[in-house]
Amino acid sequence: MGLLDVLFGRSKPARPDLDRLFALPSAAITLQAATGLAPTGAGSVCFASVEGGAFTRIRQEVEALLGADSDRGGGAVEFSEDGYGYSWLLSRRAPEELPSLVNDLHAVNATLQGSGFGPQLLCSLVAFRSPDRQPLALVYLYKRGTFYPFAPLPGRKRDNPLELQVRAALQGDLTIEPDLGRWFPLWGAPGL
């Protein structure tokens with residue numbers, strides 16, 4: 001950071017640390033004890049779509065990488081595009097295989113970053129459900145290096161009290177995004 005940055009109040013953004021995803025399995029134990037929310041086995045990576053042969057090759061590499069896991073039940077991965085033009089990759093595992101799911105998400109992020117598509121990465125999420133079927137996602141913001149909870153309700157509403165309860169429960173386990181304005185809703189996110 002230079003003198004002009006200090007004078008004009010600019011700061012460097014936090015460097016993304018994909019290894020922070022590996023804190024999710026232990027955070028899930030804390031989350032389940034504090035709120036009853038348990039992993040569903042679904043996780044997604046969201047990235048800005050990129051056209052071209054290089055990106056098609058990366059997509060094929062990711063499908064081959066995750067599809068090579070013989071322990072995975074069902075299909076390897078699902079690709080989709082949302083109404084805003086962002087691409088999503090959905091990975092599914094058994095609910096008790098959260099560490100393997102986190103490995104999948106980390107592998108996808110690392111593959112995209114290693115191939116020069118890091119700037120297109122937006123977020124990763126892991127889905128949870130309460131015993132009464134309330135969904136929740138723990139969202140990792142790639143460019144901020146932080147997590148936040150997202151609890152959608154019917155009618156495009158959010159369960160803000162639950163999100164704040166999850167924030168309080170996970171403060172010691174995850175780097176929680178301090179700016180609530182950056183807790184973006186992910187309506188219709190695959191796997192949620």
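Please read these numbers as outputs of a predicted model, since none were measured by experiment. Throughout, numbering of the chain's residues begins at 1 and tracks the sequence.
- Side-chain contact between Asp19 and His106 is present, with at least one heavy-atom pair separated by less than 4.5 Å.
- Separating the CD atom in Gln171 from the CD1 atom in Ile176 is a distance of 6.0 Å, to the nearest 0.5 Å.
- Looking only at distances, a side-chain donor or acceptor of Gln134 sits under 3.5 Å from a matching main-chain atom of Pro152.
- Counting heavy atoms from C-beta outward, Trp183 and Glu177 have side chains that approach closer than 4.5 Å.
- Hydrophobic cluster membership is shared by Leu180 and Leu162, with clusters built from Ile, Leu, Val, Met, Phe, Trp and Tyr side chains linked at under 4.5 angstrom.
- Atom CG of Leu136 and atom CG of Asp159 lie 9.0 Å apart (nearest 0.5 Å).
- For the atom pair Ser124 OG and Phe147 CZ, the distance stands at 8.5 Å (nearest 0.5 Å).
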Between Tyr148 and Glu163, does a side chain to side chain donor-acceptor pair (under 3.5 Å) hold up when you go through it step by step?
CA-CA 8 Å; Tyr148 71 90; Glu163 292 176 357; over 6 Å; no

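- Taking OG of Ser130 as the start and CD of Gln32 as the end, the distance is 11.0 Å to the nearest 0.5 Å.
- Residues Val108 and Phe22 share a hydrophobic cluster, clusters being chains of Ile/Leu/Val/Met/Phe/Trp/Tyr side chains in contact below 4.5 Å.
- Scanning all heavy atoms of the two residues, the minimum distance from Leu105 to Ser44 falls at CD2-N, 3.8 Å.
- Between the Ser26 side chain and the Ala23 main chain, a donor and an acceptor come within less than 3.5 Å of each other.
- Checked against Pro190 for a side-chain contact (heavy atoms from CB on, under 4.5 Å), the options Leu89, Val45, Leu90 give a single hit: Leu90.
- Closest non-hydrogen pair, Lys143 versus Gly118, comes out as NZ-O, 4.4 Å.
- Residues Leu112 and Phe79 share a hydrophobic cluster, clusters being chains of Ile/Leu/Val/Met/Phe/Trp/Tyr side chains in contact below 4.5 Å.
- With rounding to the nearest 0.5 angstrom, the CZ atom of Arg129 is 7.0 Å from the CG atom of Leu192.
- Note: Asp82 CG to Cys46 SG = 6.0 Å, rounded to the nearest 0.5 Å.
- In this structure, Ala42 and Arg92 approach most closely via the heavy-atom pair CB-NH1, 3.9 Å.
- Counting heavy atoms from C-beta on, the side chains of Tyr140 and Cys123 never come closer than 4.5 Å.
- When every heavy atom of Phe128 is checked against every heavy atom of Pro39, the shortest pair comes out as CD2-N, 3.4 Å.
- Annotation for Leu170 and Ala27: closest pair CD2-O, 3.4 Å, computed over non-hydrogen atoms.
- With hydrophobic clusters built from ILVMFWY side chains whose heavy atoms lie under 4.5 angstrom apart, Leu153 does not share a cluster with Val139.
- In this structure, Leu98 and Arg93 have side chains that are not in contact, with every pair of non-hydrogen atoms separated by 4.5 Å or more.
- By the side-chain contact (heavy atoms from CB on, under 4.5 Å) test, Pro185 pairs with Phe150, Arg158, Trp187, sequence neighbours left out.
- When all heavy atoms of Gly191 and Thr40 are compared, the pair lying nearest together is O-OG1, 4.4 Å.
- Contact of the Trp88 side chain with the Glu78 side chain is not registered, since no non-hydrogen atoms from C-beta on lie closer than 4.5 Å.
- Put simply, the residue from Leu125, Leu37, Leu174, Leu21 that forms a side-chain contact (heavy atoms from CB on, under 4.5 Å) with Leu138 is Leu174.
- The number of heavy-atom neighbours closer than 6.0 Å to CZ of Phe117, taken from other residues, nucleotides and ligands shown, is above 12.
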